[in-house]
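Remarks on the structure that follows.
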Amino acid sequence: MMNDYFTFLPPISEFHLTEQNIISVLGYKNVEIPEAVKQGLKSLLPTALNNAVIKCGFKIFESKDIIITKETLLIKAVELKIDKIIALHLKHADTVAIFAATIGSEFDQYISELKNKDILDSYLADTIGSELVENVGDWLEIKLKNIIGNKNISNRLSPGYCGWKVSEQHKLFSLLPPDFCGISLNDSALMKPIKSISGIIGIGENLKRLDYQCKICSLEHCYKRNRVKD
Amino acid sequence: MSDLLFNLSECVEYGKINSDTQYPKHLIGKKGTVELTEEALNCGFSPEVILADALIMGMKRIGEKFAQGKAFIPNLLIASKAMNAASTILKPHFQKGSDYHKGKIIMGTVKGDLHDIGKNIVKMVLEGNGWQVIDLGVDTSKEKFIESLNENKESHIGLSALLTTTMLNMEDIVNSIKLLNYGTKIFVGGAPLSSDFANKIGADGYFPDPHSFVNYLDSLIN
């Protein structure tokens with residue numbers, strides 16, 4: 001099992017994104033939701049989901065291949081400067097999985113076409129895409145748990161969050177097979193397709209799954225803050 | 001304020017573009033910004049008064065709700081769409097040579113970054129509040145910003161980035177523009193940014209949302 005990688009092509013029917021999910025992510029809690037948003041989501045959500053082509057997977061490393069320090073994670077010869085917050089999440093991890101997931105370039109194209117038509121629709125579609133790819137991440141965690149058995153797993157921890165620089169994406173992807181899930185990086189470490197996620201998940205019998213440490217993170221306007229609140 | 005101008009401001013606030021627009025519920029079947037703007041002109045209101053006392057007033061109210069957490073980005077976009085529909089009707093009625101726009105902003109997502117939803121939202125809200133936006137798109141080089149500034153020397157500049165890697169490209173752009181000595185104000189925005197970062201790279205301000213940006217820009221001309 002170890003040092004193996006797993007890839008999945010889950011059908012969209014595996015995901016149950018609702019208009020209410022998106023409304024919540026948009027911020028509407030105990031305030032009036034504009035009719036335009038309700039109507040927009042009603043027509044956009046089915047179309048948006050039809051434009052998603054989901055690919056996801058992970059690679060699990062052997063315990064002997066990793067060393068976790070207070071600020072770094074060494075996987076084989078690759079040193080990831082994960083910083084203190086993420087190192088805390090990995091406390092008591094025996095090993096890690098590197099994951100990636102995307103909803104495909106077709107979705108990028110779909111958003112791009114909407115941009116030229118209606119700014120509200122493109123914003124709603126963008127939000128649907130962001131939430132869907134996070135749902136794929138949630139789904140992937142369940143798959144990982146099924147494979148590792150009784151061990152615990154950490155939250156998903158990604159470059160660009162919690163003090164881990166996004167430029168480290170290049171190192172992260174160097175540990176995955178080429179063109180993993182069809183995701184590529186540009187010089188700025190931007191993933192293409194844009195609606196993609198990547199990162200690590202700690203695995204360990206004695207590992208405790210911690211909440212995201214938003215209170216001590218300096219990334220004030222992070223997307224995960226809204227999601228964590230739910 | 002007259003009832004007509006108040007109704008027009010309400011249509012902007014709630015994004016009712018015309019009588020066919022099926023929201024908000026309490027305005028269904030009533031006239032929207034398109035009809036009411038035409039009516040206001042026919043009644044003899046000057047375009048300046050319609051703009052200031054109705055359209056901008058509606059945008060201001062939705063902006064205040066946004067600041068109070070009672071409205072969100074979609075509300076700003078809905079209102080901006082209605083505002084822009086009214087502005088299209090109003091535009092030909094401004095006297096030739098009069099300053100219809102409050103000012104110009106050159107905007108772009110910096111080199112290496114392809115994210116533009118945030119920039120597009122800010123653009124829409126700025127335009128809805130009477131500012132002219134020159135949109136340079138995504139993956140915008142320093143040279144492209146300078147070229148546009150040379151053609152529009154009185155403009156402010158807005159730089160956008162969503163990545164911690166690409167936000168670092170902002171410093172070089174800021175330094176190069178400041179060297180031109182046009183007195184250009186440069187503002188930055190994007191999820192990983194902060195006021196500290198803006199100060200560090202010599203930018204003139206960071207804004208976490210379009211409403212606070214518009215308020216600041218308006219304060220520069222008031």
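In what follows, chains are A, B, ... by sequence order, proteins preceding strands, each numbered from 1.
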In Å and rounded to the nearest 0.5 Å, what is the CD1 to CG distance from Ile73(B) to Leu26(A)? 9.5 Å
Are there more than 12 heavy atoms of other residues, nucleotides or ligands under 6.0 Å from atom NZ of Lys178(B)? yes
Which bit of Ile78(B) comes within less than 4.5 Å of chain A, counting heavy atoms only: side chain, backbone, both or neither? side chain
Do you know the tightest heavy-atom contact between Gly112(B) and Ser188(A)? O-OG, 3.1 Å
Looking at Gln39(A), I'd like to know if its CD atom is crowded, meaning that more than 12 non-hydrogen atoms belonging to other residues, nucleotides or ligands lie closer than 6.0 Å. yes
Which bit of Ile194(A) is near chain B, if near means a heavy-atom gap under 4.5 Å: side chain, backbone, both or neither? side chain
Side chains of Asn75(B) and Tyr28(A) in contact at under 4.5 Å (non-hydrogen atoms): yes
Specify which of Asp113(B), Leu76(B), Asp116(B) makes the most heavy-atom pairs with chain A at under 4.5 Å. Asp116(B)
Give a yes or no on whether Leu220(B) atom CG has more than 12 heavy-atom contacts from other residues, nucleotides or ligands under 6.0 Å away. yes
Note, Val37(A) side chain near Phe72(B) side chain (heavy atom, < 4.5 Å): no
Quick one: CG on Asp108(A) to CG on Leu114(B), what's the gap to the nearest 0.5 Å? 9.5 Å
Quick one: what part of Lys81(B) sits under 4.5 Å from any heavy atom of chain A, side chain, backbone, both or neither? side chain
Pick one of side chain, backbone, both or neither for Leu168(B), based on which atoms fall under 4.5 Å of a heavy atom in chain A. neither
Identify which part of Pro74(B) has an atom lying under 4.5 Å from any heavy atom of chain A, answering side chain, backbone, both or neither. both
Contact between Glu35(A) and Lys25(B) at the side-chain level, heavy atoms closer than 4.5 Å - yes or no? yes
Does atom NZ of Lys192(A) have more than 12 heavy-atom neighbours from other groups under 6.0 Å away? no
With rounding to the nearest 0.5 Å, note down the distance linking CG in Leu190(A) to CG in Asp139(B). 9.5 Å
Enclosure of Lys115(A) NZ (heavy-atom neighbours >12, cutoff 6.0 Å): yes
Min side-chain heavy-atom separation Thr164(B)-Ser167(A) under 4.5 Å: no
Rounded to the nearest 0.5 Å, what separation is found between the OG1 atom of Thr165(B) and the NZ atom of Lys165(A)? 11.0 Å
Relative to chain B, which segment of Asp187(A) carries a heavy atom at a distance below 4.5 Å: side chain, backbone, both, or neither? neither
Need one label for Gln169(A): side chain, backbone, both or neither, based on atoms under 4.5 Å from any heavy atom in chain B. neither
Among Asn120(B), Val125(B), Asn84(B), which residue meets the side chain to side chain contact (heavy atoms under 4.5 Å, CB included) test with Ile119(A)? Asn120(B)
Closest-packed option against chain B by number of heavy-atom pairs under 4.5 Å, given Asn30(A), Leu124(A), Leu120(A): Leu120(A)
Tell me, for Lys38(A) versus chain B, whether the close heavy atoms (under 4.5 Å) come from the side chain, the backbone, both or neither. neither
